[in-house]
Amino acid sequence: MAVTRIDQVIPSLAGRDAIGGHALQLRDLVRSRGYASEIYYGDATADRLEEGLPIDRLGDPSSNGRVLLYQLSIGSGVADVFRERSERKFVNYHNITPAGLIEDWIPEVGEEVRWGRAQMGDLAAVSEFAIADSRFNERELQQAGYRSTTTVPLLVDLASFEGTPDRAVDRRLVAARERGGTDLLFVGKVSPHKGQHDLIKALSVYRRLYDSDARLHLVGGAISDSYQDAIRRYADELGLSKAVELAGSVTHAELIAYYANADAFVCLSNHEGFCVPLLEAMYHRLPVIAYDCSAIPETVRGAGLVLPDKSPGRVAAAVDRVVTDGRLRSELADAASDRVEAQSLDRVRQAYASAIELAAAR
Amino acid sequence: MFPACRAEHTLRPPRLVPELLGVRPNPFPDQGAPEPGRYSDPVPPAPPPQSSVAGGPGDRDGAEGPESSEPLEAAARTRHLDQVICEIGAEVERRRASGDLPASLESELDALFLEFSPVGLQAKSRMRQTLALVDRSAYIDLAVPVASRKVVGRSLKRLIKAGIGWYMGFVVHQIIRFGWSVSRLFHVLVDRVEDLERSVERVQDPGMPSSVVPRLDAARQWWVPEALRAMTGVGGRVLHGECGNGTFVVMLTERGIDAYGVDPDAQVGREALDSGVDLRSEPLIDHLELVEPGALAGIVLTGSVQWLPSGDRRRLVDLLSTRMSERSVLVLQSMTPEAWSTGSSPIVGDLAPGRPLHPETWIHLLQTCGFATSEVFSGGQDRRIDPVGPDHPGATSVNGAIDAVNRLLLGPEEYLVVASR
């Protein structure tokens with residue numbers, strides 16, 4: 001029977017979230033190809049409530065040309081609802097943080113990700129097709145027993161960064177820059193596996209060896225008060241309380257201001273299934289310095305410095321190199337533009353459309 | 001994965017012709033064949049999936065596209081960035097050699113951050129470091145140095161080494177086996193300890209934010225007259241545990257009682273402290289640990305005493321039995337278990353580490369350390385429902401139900417136990 005509708009199922013449809021944004025883009029894409037499409041969520045933030053429907057509105061199981069696509073990134077009861085449905089099932093995998101990277105700090109999230117990994121295995125038997133954001137993710141799908149897989153990156157609308165930066169944040173950052181000092185930026189949830197404490201170590205060494213006025217801006221909400229408190233106290237203890245800004249969750253306009261006023265984007269995460277902020281930094285032609293792990297090299301792909309380890313001395317030296325070597329910075333910026341062009345929304349939309357339509361037509 | 005740096009590399013990157021970095025878009029670069037060098041897959045792909053979209057953009061074999069020059073450009077870019085990475089490594093080595101970047105600095109940064117990390121993580125790191133030392137010590141080197149400033153000495157040492165080598169080898173082999181067995185045992189124990197720590201941390205409740213903990217203002221408490229009466233005439237120092245803003249300590253001192261208070265929140269009692277009231281900012285149990293045995297003639301317990309976890313409660317009772325003098329008086333105020341879910345804030349109700357006990361249970365616990373209970377008072381908001389009159393239809397069964405509801409859910413919210421010995 002011909003597929004007439006492709007509905008997505010997602011544990012949480014959230015604003016300021018890469019997977020939430022991806023789900024909306026995918027819904028619009030699927031609709032533009034002539035399919036009916038809705039998003040069914042377990043929960044949603046207030047700004048996304050109207051973009052989808054609660055999971056209990058999925059309706060009676062039907063095999064009349066309907067495909068359900070599950071956005072897999074965490075353990076959730078929504079996955080169990082999805083598994084029990086009788087419709088054809090696809091999975092879109094965004095990776096699940098290994099519990100060992102997080103459970104010492106946030107045991108409850110450790111449990112959630114363990115649950116997610118178990119559900120990932122359970123869904124392999126009932127899903128006929130799975131899409132991963134990266135080859136790194138695709139390999140995990142294959143190891144979990146998924147038979148038919150492919151890799152298509154996240155649908156990210158980088159053109160949205162053409163907007164105007166938030167005036168107040170921009171003014172503050174510009175004023176700081178005028179007083180001198182390098183501005184380092186990282187964007188991502190404040191969480192132990194993202195390695196914000198390693199960034200503070202690197203800043204400490206960078207200030208000691210190269211630029212005593214350097215600042216570090218950590219943009220992103222905290223998933224753990226304990227970790228955020230720890231890095232704040234750590235920065236205080238190192239005398240960096242004024243040099244390290246924990247900006248928290250910011251608006252899109254504020255985020256644009258942070259990208260516009262940074263000298264380098266530094267990512268020392270221990271685990272990334274894709275890492276959208278790397279692309280965002282490249283869009284802003286910021287030099288990218290990242291630690292080589294998980295899907296990071298795939299996402300950077302020659303448009304940034306990928307370091308073999310994240311010892312503070314090495315990271316500090318890398319920052320100094322991109323800040324002081326104008327030619328390298330220019331080359332990295334050009335390479336970043338190429339990378340962004342290759343990853344443009346139109347191209348990824350085409351790839352997604354082909355992948356889903358070919359799988360649906362089987 | 002990372003290329004070895006060539007010793008003869010230049011300190012500055014070779015100038016790249018712009019064309020090498022120019023745009024030459026692949027229809028879908030992520031799906032192309034792995035690039036050579038750093039960006040290739042670190043492990044060979046798993047057995048190939050049965051791609052259901054053969055030839056589509058997701059098909060890694062079919063999407064490289066016709067632009068044959070791109071791999072060359074990508075390779076040039078990769079080589080250049082590899083060169084930069086090597087130069088960064090050389091810069092780090094130079095800084096280390098010059099003393100700008102002492103080897104101890106990075107380990108000090110790590111150690112400092114561990115101080116702010118969860119206990120399990122700290123212990124894990126230290127235990128693993130210690131184990132590494134044990135592992136290193138478990139090996140005994142049989143190659144005895146034979147160097148000597150005198151030729152005869154060196155020959156003699158070689159002779160001894162050769163002469164008893166077979167004997168020493170036999171003994172040392174057994175000692176090494178023993179050392180490694182002990183080391184293995186420690187590894188097993190550390191693994192087990194880490195498992196247990198993870199289990200403990202998993203069952204721990206998230207901490208209760210201090211902002212939701214109610215702070216005592218004795219001026220508005222129903223139990224104050226009874227507590228004052230109980231403490232009148234005690235022959236020594238009186239401690240008010242979790243004293244809040246210190247109002248009750250002031251009331252005691254105004255009656256000539258030698259009283260002081262402790263509270264973990266330094267801010268709440270600052271005003272009283274500034275006006276000369278004897279308040280200390282520390283947790284009650286920590287304070288009692290430091291008090292001399294038999295030093296206190298009276299203790300008034302209020303605040304979070306009612307929701308102490310069982311281990312802390314047991315420790316508190318032990319401390320009461322040793323820190324209080326003969327003929328001392330103890331006053332304890334608590335919410336009732338029945339009022340816990342409705343009378344406390346939802347966050348406190350859910351996240352407090354323990355739950356209030358019935359007065360009978362406190363009486364039992366205090367008896368175990370020699371206290372006899374003289375009085376129990378009830379107070380606080382009383383939300384009991386009045387029974388219906390005898391003329392009401394079905395009055396007997398309705399009143400029975402009201403009695404049950406009053407007993408299980410309503411009734412006085414708090415109680416005060418006065419005990420002495």
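Below, chain A is the first sequence line, B the second, and so on; all start at residue 1.
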- Task: Measure distances from A:F136 to the heavy atoms of chain B and classify the residue's part below 4.5 Å as side chain, backbone, both or neither.
- Result: neither

- Item | A:S204, part contacting chain B, at a heavy-atom distance under 4.5 Å | side chain

- Considering only NZ, NE, NH1 and NH2 on the basic side and carboxylate oxygens on the acidic side, decide whether A:R33 and A:E357 come within less than 4.0 Å. yes

- Message: Taking the basic N atoms (NZ, or NE/NH1/NH2) and the acidic carboxylate oxygens, is any pair closer than 4.0 Å for A:E128 and A:K89?
- Response: no

- Message: Taking A:E103 first and then A:R114, would you say they form a salt bridge - that is, a charged N and a carboxylate O separated by under 4.0 Å?
- Response: yes

- Heavy-atom pair of closest approach, residues A:R88 and A:A359: NH2-O, 3.1 Å

- Note on the structure: With chain B, the option among A:P192, A:S311, A:A132 that has the most non-hydrogen atom pairs under 4.5 Å is A:S311

- Task: Let me know if B:L105 has heavy atoms under 4.5 Å from chain A in its side chain, its backbone, both or neither.
- Result: side chain

